[in-house]
2 protein chains.
Amino acid sequence: MQVKEDTATQILDAAERLVQSRGFNGFSYAHIASELQITKAALHYHFSGKAELGEALIARYAARFADALENVGSQFKDAPSRLNAYADLYLEVLRNKRMCLCGMLAAEYQTLPAPMQNTVVQFFADNETWLTRVLEQGQSDGTLEFEGPPSEVARMIVSGLEGAMLVARPLDDVAGFQAVAHHLLTGLRRTSPDTSQS
Amino acid sequence: MQVKEDTATQILDAAERLVQSRGFNGFSYAHIASELQITKAALHYHFSGKAELGEALIARYAARFADALENVGSQFKDAPSRLNAYADLYLEVLRNKRMCLCGMLAAEYQTLPAPMQNTVVQFFADNETWLTRVLEQGQSDGTLEFEGPPSEVARMIVSGLEGAMLVARPLDDVAGFQAVAHHLLTGLRRTSPDTSQS
DNA sequence: GTCTATAGGCAGATAGAC
DNA sequence: GTCTATCTGCCTATAGAC
């Protein structure tokens, strides 16, 4: 592994952390420049403008997330385990004291350049598609049980996890996030521990 | 009712709408001024700075929300109805194409002045307290059934609704929000409609 | 209460040297 | 690739007239 990443990657890393903690309207080229000890002008060499940097940011994030989903799919075979692993992806982001990149951008949606808006929407659509398939799988093999269309439940999972991150950060309550994730997912398990009489 | 509200109220109304749609870092005094057809300087007469305006904004929003919760408590007596009415408060905000004020500020939390941060946290705490009481009531009288501490379920409801708003706005999908709210709340009802054979 | 005028700073961005 | 220097514009905020 190289000791130092290339500048473009360093810029993306810094920008990503800044957006996930402060929002797209809450950071500037000056923030990144001072952190990397280079000038603002140098940033423009790598990313022509803030909008282009933002697009690159979402593209990399979405690609990384897609990879993570693929890993989840290969490491876990049953639907409940896949859902747990999915929630753990969010948990790791929160542990780094960050909001989901696209969750943050969703809040600022109305102020974003159109290309960024479209990519944010695509991110949520892709997540729901993946979740829908997992839910259908669990419903078919009997490991999951729920009412209504799987796509609606998928939306509930995405919404619940995004909202749990959103609320957990001001409250500085990682355990609260985990509790919400647990409640969201255990409600879908067919083999609930012991709710009624055996 | 008066034909024209006083200027301070008009400013709060405009600022509220702007923050709920664009975020605290996504609007400026210039936006409000042009909307109300007055100058930026006039705004400073009513609210000395953006931070003070922000504090006033949350204070009014929280007071209004507290009133709404009181109304819900007096209009509906059983826990499931109260939860439905609670979710409808969020639905109305979304119908106006807005994000919950404190949900938006939660995203921008790290960039907010300290007094605003504290009030945002208080908002969520108050909501969870109210919901916890409703959940305890429903659990006692048997209209609700769930596992784990009521406070955790309260957190799940707040998180789920906030997240559902967050995601619904970019997707422009009010129906999706309603579906999520339905799934979140029906999972708590003891008398589920007809999940198994009759 | 609202205005004009302006201060002082930071934003995103560019030109051109090295 | 990175720099210095600079531009233009918008930001929050203030002074002082009306």
Side-chain angles (χ1 to χ4, degrees), chain A residues 2-58 104-105 107-117, chain B residues 2-58 104-105 107-117:
Chain A
Q2 68 265 25
V3 174
K4 189 178 177 181
E5 309 234 336
D6 68 301
T7 306
T9 303
Q10 285 183 289
I11 293 170
L12 285 171
D13 290 342
E16 186 175 72
R17 190 182 48 71
L18 283 164
V19 174
Q20 288 187 266
S21 55
R22 302 179 51 91
F24 192 73
N25 295 326
F27 90 102
S28 72
Y29 266 35
H31 285 114
I32 305 177
S34 81
E35 182 166 330
L36 301 190
Q37 300 263 258
I38 56 176
T39 60
K40 289 184 291 173
L43 299 180
H44 283 281
Y45 171 80
H46 297 280
F47 299 95
S48 58
K50 203 184 177 184
E52 289 72 28
L53 174 56
E55 291 177 54
L57 229 39
I58 311 180
M104 182 65 86
L105 296 177
E108 301 176 291
Y109 188 78
Q110 289 205 338
T111 70
L112 299 180
M116 289 183 67
Q117 290 184 329
Chain B
Q2 68 263 29
V3 175
K4 188 178 178 180
E5 309 235 336
D6 69 302
T7 306
T9 302
Q10 284 183 289
I11 294 170
L12 285 171
D13 290 343
E16 188 176 70
R17 191 182 47 72
L18 283 164
V19 174
Q20 288 186 267
S21 55
R22 301 179 52 91
F24 192 72
N25 294 326
F27 90 103
S28 72
Y29 268 35
H31 285 114
I32 304 176
S34 81
E35 183 164 330
L36 301 190
Q37 300 264 260
I38 57 176
T39 59
K40 292 182 288 175
L43 299 180
H44 284 280
Y45 170 80
H46 297 279
F47 300 95
S48 58
K50 203 183 176 185
E52 289 72 28
L53 174 56
E55 291 178 54
L57 228 38
I58 311 181
M104 182 65 86
L105 296 176
E108 302 176 291
Y109 189 77
Q110 288 205 339
T111 71
L112 299 180
M116 289 183 69
Q117 291 184 328

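Residue numbering restarts at 1 for every chain, and letters A, B, ... go by the order of the sequence lines.
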Would you say that [X] contacts [Y] through its side chain, given a criterion of any heavy-atom pair below 4.5 Å between the two side chains?
X: Phe24(B); Y: Thr111(B); result: no
X: Leu105(B); Y: Leu57(B); result: no
X: Gln10(A); Y: Glu5(A); result: yes
X: Leu43(A); Y: Thr7(A); result: no

Could you state the atom-to-atom distance from [atom1] of [X] to [atom2] of [N] in whole Å?
X: Lys40(A); N: dC3(D); atom1: NZ; atom2: P; value: 13 Å
X: Tyr29(A); N: dG9(D); atom1: OH; atom2: P; value: 20 Å
X: Leu18(A); N: dG12(C); atom1: CG; atom2: P; value: 11 Å
X: Phe27(A); N: dG12(C); atom1: CZ; atom2: C1'; value: 11 Å
X: Ile32(A); N: dA13(C); atom1: CD1; atom2: C1'; value: 14 Å

Worksheet item: Can you tell me if the side-chain N/O atoms of Thr39(A) get under 4.0 Å from OP1 or OP2 in dT2(D)?
Response: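 No, no such contact exists.
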
Fill in: His31(B) side chain to Ser28(B) backbone, donor-acceptor under 3.5 Å
yes

Practice prompt. Answer yes or no: is there a donor N or O on one side and an acceptor on the other, between the side chain of Gln20(A) and the main chain of Arg17(A), under 3.5 Å?
Written response: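 Looks like no, no N/O pair under 3.5 Å.
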
Discussion item. By the 4.0 Å heavy-atom rule, please label Ser28(B) as base, sugar-phosphate, or nothing.
Written reply: sugar-phosphate

Worksheet, complete the sentence: Expected list for residues 41-56 of chain B near DNA chain D, using heavy atoms below 4.0 Å, is Ala41(B), His44(B), Gly49(B), Lys50(B)

